[in-house]
Every structure is written in C-alpha cells, then in structure tokens.
Number of protein chains: 2
Amino acid sequence: MQEAAVRRQNGVALWRQIADRIRSAIAGGDYDAIGKVPPEMVLAEQFGVNRHTVRSALAALAQEGIVQAVQGRGTLILRKERLNFPISRRTRFNQGIGDQAREKEGLLLASAEEAATADLASRLKLSVGAPLIRLETLRKADRRPVSRATAWFPADRFAGIADAYRDSGSITTAFGTVGLPDYIRVSTEITAVHADNDDLSALELSPGAIVLVTRALNADADGVPVQYAVSRFPADAVQFTIEN
Amino acid sequence: MQEAAVRRQNGVALWRQIADRIRSAIAGGDYDAIGKVPPEMVLAEQFGVNRHTVRSALAALAQEGIVQAVQGRGTLILRKERLNFPISRRTRFNQGIGDQAREKEGLLLASAEEAATADLASRLKLSVGAPLIRLETLRKADRRPVSRATAWFPADRFAGIADAYRDSGSITTAFGTVGLPDYIRVSTEITAVHADNDDLSALELSPGAIVLVTRALNADADGVPVQYAVSRFPADAVQFTIEN
DNA sequence: AGCGATTTGTCCGTATGTATC
DNA sequence: TGATACATACGGACAAATCGC
C-alpha cells in the first residue's frame with residue numbers, strides 16, 4: 001500500500017515528517033499486532049524516500065525512547081501511550097487519569113503572587129489588579145510528563161494553596177485544605193499549537209511536536225470562579241473526551 | 001525582550017519554526033494594536049537569527065495569504081481568524097459557527113456505501129458488516145476551509161442522506177429530510193496531529209501545520225446511534241469550547 | 001550445526017537546501 | 001551578491017545480527 005507521500009522542500013525535513021507519522025501510527029496502535037515497526041525498506045517504499053531517510057526518522061524516535069532498533073530483528077516499539085482525559089463538570093486531573101497510570105505526580109515548579117490582568121480579571125470575575133496566586137505545575141503519569149499548567153486563584157480566598165499543592169500534588173486536595181470541599185468545571189477551551197521551547201524541555205518533546213492547550217475555568221458550587229488554568233499536553237500522549 | 005530561542009538543525013528549518021510562531025502570534029492577537037508584524041530587523045533580533053531567515057518565514061506566510069509585505073510600510077496582517085466551535089449535547093456545525101462567519105458552505109466531496117468494520121460497528125452499535133453510508137464532506141466559512149469530515153450512517157435507516165446533504169450542505173437539514181427531526185451529541189474525542197497530505201490540499205495548509213481531530217458520535221432522542229464522524233480542523237483557525 | 005533470507009549498521013560519494021557573514 | 005559551513009537526501013555496497021528451515 002502506498003502511503004500518502006511526504007512533501008519535500010517545505011521547511012520541514014523529510015525525516016521529521018516521517019518520524020511524526022510513525023510516532024502517530026504507534027500511538028494509534030497500527031503496529032500492535034507485531035510489536036515493532038515495519039522494516040526500513042518497507043517504510044522507505046511506503047513513504048517514497050530513501051532508506052537512509054527512514055533511518056534518520058527512526059533514530060529520532062529511538063532518541064525519544066519510543067522505539068529501539070535491534071540488528072537482525074527489527075525496530076521494536078518500547079512505549080505507546082495515549083492517556084485519555086474525560087472533560088465534564090466533574091473534571092479532576094488525577095481521577096481523570098484513573099487507572100490509566102500507576103504512578104501519578106504533581107510537581108509545583110513555581111508560585112507567585114501577582115495582580116489580575118484584564119483577561120484574567122474578566123475570566124475570574126474580579127476587578128483588574130485584584131491579587132492572584134499563580135502556580136506553575138508539572139504533572140506526570142508513570143514518570144512521563146503529561147501536562148504543564150499555569151493556574152491562577154483569587155489570593156484573598158485561597159491563601160496557602162501553593163503550599164497545599166506542593167504537599168499533596170493535587171489541586172482537588174489543595175482546594176480541600178484551604179477550605180473548598182468541591183468545585184465544578186465551568187468551561188474548557190481547546191486549541192493546538194507547536195511546542196515552544198519551554199514545552200520541549202518541560203514535556204521532554206522534540207522540535208516540531210504538537211501540544212494541546214486547554215484553558216479551563218473552575219467554580220465553586222455557587223458558580224463563583226475559583227481557578228483559571230492554562231494547561232499544555234503533549235498531543236502524542238493524550239486525547240480528550242467529552243461525554244454529553 | 002528576547003524571544004525564547006528557536007532551535008537549530010533539529011529537522012525543522014529555522015524559517016519554518018519562525019513562520020509557525022508568527023502565525024500563532026497573529027492568531028493570538030499579539031499584533032492587533034498595530035495591524036502589522038514587527039519590522040524584519042526586530043523579529044530577527046527577537047528570534048536571534050539573521051534577517052534573511054525572517055524574510056523566508058514572512059515569504060511563506062505571504063504565500064499562505066496571511067500577511068503582505070509592502071515596501072516602506074511594513075508587513076501587513078491580512079487575515080486573522082480563529083473560529084470557535086462549542087461542543088455540547090446540542091452541537092450543530094452550522095449553528096455552532098453562528099455569526100462568526102457570514103458565508104457558510106457544506107460540500108459533499110464523495111459518498112459511498114460500505115460494510116461496517118469492527119471499530120465502526122462497535123461505535124454505532126451495529127453488527128460487523130452492517131451496511132453504512134459514508135460521506136466525505138468539506139465545510140467552509142467565508143470561503144476558507146474549516147473542516148473536512150468523514151461521516152458514517154446506518155444505510156438502512158438513512159437511505160438518501162447523501163443527496164439530502166449535497167442539496168442542503170447541512171447534516172441537520174439532511175437528517176430532517178430523511179426522517180430524523182432531532183439528534184444529540186453523545187461523545188466527542190479530541191486529538192491533534194500533523195496535517196497529512198490530504199489535509200494540506202483539502203484545508204489549504206502548509207506542511208508542518210497542525211490539525212485538530214474530533215471523533216464524534218451522534219444519537220437520536222432514544223440514544224440509538226445515528227452518525228459517527230471523524231472531522232479534521234486546521235488548528236490555526238479553530239478552537240473548541242466545552243460549556244458544562 | 002549450516003544455510004539462506006531478512007533486517008539493521010556502517011561506509012562511501014554526490015547533489016541540494018539552509019543559514020550565516 | 002557571492003563565499004562558506006553544515007544539514008538534508010539520495011544511491012549503492014557490504015558487514016553484522018537474528019531467525020526459520
């Protein structure tokens with residue numbers, strides 16, 4: 001079967017286009033039956049390129065730890081994950097992952113107090129300049145980074161949430177310790193962009209990778225906004241589902 | 001202000017990385033105040049590259065019709081859109097766009113009858129091999145392609161839906177003419193991948209572009225599946241919002 | 001154990017694209 | 001505008017490892 005051809009001389013190296021496609025195919029389960037990638041010659045034929053070009057693509061994937069080439073046997077698939085995040089009124093990060101990962105971590109990278117910009121103020125229904133607490137977090141599942149997020153909270157209502165998050169690694173738990181037993185996801189915006197430099201290092205991606213960006217607003221039971229968060233997920237590793 | 005540096009020699013040409021970043025900045029409204037891109041020398045400084053490299057990036061964006069360089073004035077922004085698609089139980093494509101575009105089009109690219117694969121059968125709650133109608137559609141807003149979709153319908157229940165769609169350009173209307181007055185969005189999966197060759201031509205994208213992929217299931221009022229659709233949207237031009 | 005087929009690893013050389021100065 | 005350095009992509013040839021018969 002002839003694969004849809006890659007495009008030449010458009011600023012994206014052939015080996016990178018091919019690496020991206022193979023990575024997607026692995027995540028999509030296309031090679032599950034054999035547990036390895038087709039032989040280099042076959043891939044070269046499918047993509048209409050030289051075998052060396054396929055080798056460059058596979059070398060990049062091996063660098064990412066996704067595959068491992070073994071002389072004489074083939075190129076074995078080591079890692080193949082795509083976490084599913086349900087989005088609903090009850091969206092909770094850690095619960096959402098559920099049993100899809102054994103080990104869940106929430107790291108606090110940084111925290112600060114700052115004044116609400118016009119955009120933040122309107123989303124959180126505060127006045128411009130109102131004090132906010134900003135948390136920079138990195139979440140991991142089974143040691144792999146699955147999202148990095150910037151979250152803002154009204155500072156007067158949730159003093160101490162930074163420490164609470166650092167200790168628990170969970171927004172839900174942190175909310176609980178500062179006096180909010182429950183909250184609800186009001187709205188979620190989803191876009192996708194190329195990974196920027198910070199994404200590349202924080203999420204351990206390679207250049208050209210895609211990140212899914214969500215902008216989420218959480219509120220308490222009375223509908224008063226309690227958190228606005230911008231989260232960035234490696235697109236290869238996650239998908240979102242909305243159940244209506 | 002020093003921009004986060006672009007990465008060299010990682011399979012994506014500098015000019016393309018910069019083009020992607022500028023395109024995102026335009027879509028994000030960063031240059032709305034002046035209506036044009038900063039001068040080439042300024043951009044070169046920000047990204048830490050030679051001015052020629054910035055020129056290659058801007059030339060690519062001009063080719064896409066996003067900017068236009070005018071000698072003596074600068075590089076003007078021609079087009080800057082990001083359509084918002086609400087996702088809910090009542091998700092309707094044309095209504096969802098609402099007044100975000102004046103002109104809405106739904107084109108039938110192809111239709112066929114085929115047998116349900118295991119995946120399709122399980123999603124539509126049919127038996128494997130059940131007859132399905134497949135529609136390939138392209139939707140445009142203000143002449144710009146905003147999604148291409150493949151949709152499957154149970155063939156026995158919705159015979160004639162291909163013609164109905166071709167005539168109306170609307171799934172909702174087509175359902176109405178074949179006897180289904182109302183339907184409900186049951187679930188939506190969202191992922192993001194690099195555009196493949198078909199995306200590039202159908203959605204008029206340039207290589208390296210990102211497409212948002214949705215897999216949606218619609219059902220009738222009794223919860224019986226009536227449609228399963230895989231849609232692909234140019235990530236630069238759309239975002240999704242989920243209101244809970 | 002031997003053999004051939006399959007598959008990855010390494011080397012050569014050449015042409016073109018990318019980026020700087 | 002050229003000159004230069006490096007990355008990308010191709011083509012071919014052969015070595016080395018694995019597997020099934």
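Sequence lines set the chain letters: A, B, ... in the order given, protein chains first and strands last, and positions in each chain run from 1.
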Any [X] side-chain heavy atom under 4.5 Å of [Y] side chain:
X         : Y         : result
Thr188(B) : Thr241(A) : no
Arg134(A) : Phe153(A) : no
Glu40(A)  : His52(A)  : no
Val70(A)  : Thr75(A)  : no

- Task: State whether Arg73(A) places a side-chain N or O below 4.0 Å from either non-bridging phosphate oxygen (OP1 or OP2) of dT8(C).
- Result: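 Checking dT8(C) against Arg73(A), no side-chain N or O comes under 4.0 Å of OP1 or OP2.
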- Message: Whether Asn50(A) contacts dA9(D) is assessed here as follows: a side-chain N or O lying under 4.0 Å from the phosphate OP1 or OP2. Is that the case?
- Response: no
- Between the side chains of Glu136(A) and Thr150(A), does any donor sit under 3.5 Å from an acceptor?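 Present: a donor and an acceptor within the cut-off.
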[X] [atom1] - [N] [atom2] separation (whole Å):
X        : N       : atom1 : atom2 : result
Lys36(A) : dT18(D) : NZ    : P     : 12 Å
Arg55(A) : dA7(D)  : CZ    : P     : 18 Å
Gln71(A) : dC19(D) : CD    : C1'   : 14 Å
Trp15(B) : dT20(C) : CH2   : C1'   : 17 Å
Ile18(B) : dA19(C) : CD1   : C1'   : 10 Å
Leu14(B) : dA7(D)  : CG    : C1'   : 11 Å
Met41(B) : dC21(C) : CE    : P     : 12 Å
Leu76(A) : dT18(D) : CG    : P     : 11 Å

- Message: On the side chain of His52(A), is there an atom forming a donor-acceptor pair with the base of dG9(C) - under 3.5 Å, no angle test?
- Response: no
- Query: Looking at the side chain of Thr53(B), which of dA9(D), dA19(C), dA16(D) is the nearest nucleotide?
  - Reply: dA19(C)
- Whichever of Val54(A) and Val70(A) has its nearest DNA chain D nucleotide further upstream toward 5': Val54(A)
- Task: Using the closest heavy atom to pick a nucleotide of DNA chain C for each, name whichever of Arg51(A) or Ser56(B) lands nearer the 5' end.
- Result: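 The residue whose closest nucleotide sits nearer the 5' end is Arg51(A).
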